[in-house]
Amino acid sequence: PAKTMDELVSLCKRRGFIFQGSEIYGGMQGAYDYGPLGIELKNNLKAAWWRAMVYERDDVEGLDAAIIQNKYVYKYSGHEDTFTDPMVDCHECKSRMRADHMKDIKVCDNCGSTNVTEPRDFNLMFKTNVGPMVNEESYTYLRPETAQGIFTNFKNVVDSTSRALPFGIAQIGKSFRNEITPRNFIFRVREFEQMELEFFCKPGEDEKWHQTWVELRTQWWLDQGLGKENMEFEHVTGDDLAHYSKATVDILYKFPHGFEELEGVANRTDYDLGSHTKAQEEFGLSAKVKKNEHSTTKLAVRDLEENKMIVPFCIEPSAGLDRGVLAVLTEAYTEEELENGTSRTVLKLKPHLAPIKVAVLPLKKNKPEIVDAAKAIKNRLQKLGLGRILYENTGNVGKGYRRHDEVGTPICITVDFDTIEQEGAPVTVRHRDTMEQEVVNTADLPSFILNYFVN
Ligand code: ATP
């Protein structure tokens with residue numbers, strides 16, 4: 001794994017994974033842009049999540065709700081009142097910082113001075129104006145989590161799919177938080193993506209489901225290549241527990257800057273649906289909620305055993321996509337000494353996450369027959385639907401191998417004279433991790449590649 005953040009930042013910029021946002025104007029703190037390879041990696045991680053959470057289960061539906069929602073969503077969700085971080089100012093160097101890591105010892109992050117203010121609450125939501133009239137009522141917020149769109153659509157999903165408990169609704173999308181101190185590359189940013197599942201169950205079954213989801217999510221991260229030894233769990237307690245949560249288990253990963261939260265699995269009880277539902281008094285809610293005077297809809301579902309409408313409990317595994325990208329990059333980054341005394345950088349990404357699945361390299365740059373054969377192979381493999389297959393004609397296969405090691409391409413195929421002579425001619429297949437080469441007939445290539453990537 002990577003030892004420092006700097007080596008990751010440098011690789012990401014050099015090879016086109018991730019760039020500083022607004023770089024040509026001096027940057028924009030807490031905003032990053034994903035480049036040609038970063039977008040592939042990110043899409044692959046999203047696809048793996050969606051596959052595991054929606055397609056491979058029969059009790060989860062998908063959703064893509066709007067980022068901009070009615071301001072009442074945040075009034076009743078509790079975010080307007082309580083989605084804050086404690087902030088302090090330093091009297092000496094005038095910098096401002098998030099204070100919750102300071103606990104009792106209050107020392108400025110920037111200059112080390114103890115001459116800092118008392119912490120005060122800072123709301124992390126971005127406020128924005130909606131419509132052409134700017135007045136006291138025309139505001140809303142950019143969503144600070146995707147979850148609320150799931151709760152507000154609860155009845156739509158239940159009515160359109162006839163779901164009964166237990167079942168879940170999954171969503172991937174952007175969230176925004178005006179973090180006081182964005183830092184550590186894409187770990188803490190102001191615009192990020194979340195992959196969230198809200199899993200609804202009967203009260204009383206919530207603790208069992210909470211435990212189950214911690215286990216399932218941990219296994220999923222292991223399947224993305226993270227090492228068991230680099231993961232830890234933290235039971236969140238006291239002040240750190242979110243306003244909606246009965247219990248939260250954080251899944252931590254050993255990032256270059258230390259063990260930090262990758263995903264939180266929270267037991268949100270009946271807080272959210274209970275906050276947003278009409279006729280709250282009918283449901284004997286267990287959570288303490290604000291009286292809702294605006295909702296038009298009952299967010300309840302029939303309990304088939306007791307034959308009555310109930311507001312279910314909700315278990316939420318909420319993962320940060322950007323933190324996921326950072327974690328798999330950290331884990332995959334490898335510096336290797338080779339037998340001939342040289343070294344190489346190789347990204348040992350799981351094949352399903354690799355931004356480029358296969359690179360097809362003609363051995364000679366200026367031989368039309370070889371070039372055409374290589375292009376034909378690219379086109380054939382591209383049709384398999386595995387992701388990006390790259391035809392690359394630089395004429396320097398050795399350099400191509402090194403570059404593809406560095407960006408994690410699991411397989412390179414080189415095409416030379418032999419290939420063009422007859423159908424079924426051999427090509428050389430080179431494996432990223434072992435650097436071993438084997439000969440495969442072109443006629444067998446599609447099934448060879450399919451077998452390699454689909455398991
Ligand atoms: P932290 O304590 O690190 O601020 P959090 O507990 O506020 O995180 P949650 O509200 O539980 O985070 O959000 C769920 C997930 O969303 C987190 O586990 C994390 O992966 C991701 N996430 C939250 N805030 C950010 C951020 N500022 N930048 C990137 N990812 C984030």
Side-chain angles (χ1 to χ4, degrees), residues 5 18 21 28-34 38 42 45-46 49 74 77-79 82-87 97-103 121-126 142-148 150 170-198 210 213-214 217-218 220-221 224 226 231-255 257-268 271-272 314-330:
M5 197 70 91
I18 300 163
M28 166 92 186
Q29 247 203 7
Y32 285 88
D33 299 339
Y34 286 77
K42 191 159 127 167
L45 197 56
K46 282 196 229 188
W49 188 90
Y74 304 107
S77 70
H79 286 86
T82 56
F83 196 64
T84 56
D85 268 353
M87 175 172 77
M97 68 218 79
R98 189 174 128 143
D100 57 2
H101 63 286
M102 294 184 164
K103 308 280 181 219
D121 285 342
F122 173 75
N123 195 298
L124 297 180
M125 284 197 293
F126 281 100
L142 301 186
R143 67 182 180 197
E145 58 174 20
T146 70
Q148 294 306 319
I150 295 180
Q171 176 166 231
I172 300 176
K174 289 254 173 164
S175 292
F176 302 83
R177 296 182 188 180
N178 195 4
E179 295 282 355
I180 302 161
T181 31
R183 60 179 50 169
N184 294 316
F185 196 30
I186 54 171
F187 178 81
R188 184 176 303 287
V189 282
R190 292 187 170 130
E191 173 178 341
F192 54 98
E193 274 182 273
Q194 291 181 308
M195 307 186 286
E196 298 195 298
L197 172 74
E198 306 304 323
H210 190 215
W213 277 111
V214 172
R217 295 302 306 147
T218 304
W220 185 83
W221 284 113
Q224 307 318 304
L226 302 191
M231 292 175 76
E232 279 183 3
F233 301 91
E234 192 171 282
H235 288 263
V236 183
T237 54
D239 280 355
D240 291 333
L241 212 52
H243 61 271
Y244 48 73
S245 182
K246 165 175 160 185
T248 296
V249 176
D250 284 346
I251 302 176
L252 314 186
Y253 178 73
K254 192 178 179 186
F255 291 99
H257 60 289
F259 274 102
E260 292 258 22
E261 176 177 342
L262 172 63
E263 170 160 356
V265 187
N267 182 345
R268 297 180 75 133
Y271 175 83
D272 302 276
C314 177
I315 306 301
E316 175 199 68
S318 170
L321 177 58
D322 309 79
R323 288 188 191 180
V325 167
L326 186 60
V328 296
L329 282 173
T330 302

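Read the numbers this way: they start at 1 and go in the same order the structure lists the ligands and their atoms. Just so you know, these numbers use all the heavy atoms, side chains as well, and skip hydrogens, waters and symmetry mates. If you're wondering where the values come from, they're calculated on a predicted model, not measured in any experiment.
An N or O contact shorter than 3.5 Å is missing between Phe192 and ligand 1 by distance. Considering both main-chain and side-chain atoms, Phe187 comes within under 3.5 Å of ligand 1 through a nitrogen or oxygen pair.
Each of the atoms 4 (O) of ligand 1 lies under 4.0 Å from some heavy atom of Arg98. Less than 4.0 angstrom separates some heavy atom of Gly264 from each of these atoms of ligand 1: 18 (O).
The shortest distance between side-chain heavy atoms of Phe122 and Thr84 does not fall below 4.5 Å.
Under the 30°/60° scheme for interplanar angles, the aromatic rings of Phe187 and Phe255 are found to stand perpendicular.
The closest approach between any non-hydrogen atom of Glu316 and ligand 1 is not below 4.0 Å. For the ligand labelled ligand 1, residue Val189 lies inside the 4.0 Å heavy-atom shell.
A salt bridge does not link Glu196 to Arg268: none of the charged side-chain nitrogens sits closer than 4.0 Å to a carboxylate oxygen.
Considering Glu193, Gln194, Glu191 in turn, Glu191 is the only one that fulfils the side-chain hydrogen bond (donor to acceptor under 3.5 Å, both in side chains) rule with Lys174.
Heavy-atom proximity to atom 18 (O) of ligand 1, evaluated over Glu179, Gln194, Glu261, Glu196, is greatest for Glu261.
When heavy-atom distances to ligand 1 are checked against a 4.0 Å cut-off, Thr248 has no atom that comes that close, whether in backbone or side chain. Counting heavy atoms closer than 4.0 Å to ligand 1, residue Glu263 contributes backbone atoms (N, CA, C, O) but none from C-beta onward.
When every heavy atom of Leu197 is checked against every heavy atom of Trp49, the shortest pair comes out as N-CZ2, 4.1 Å.
Aromatic ring centres of His243 and Tyr271: separated by under 6.0 Å.
With hydrogens and angles disregarded, a donor-acceptor distance shorter than 3.5 Å links the side chain of Thr82 to the backbone of Gly78.
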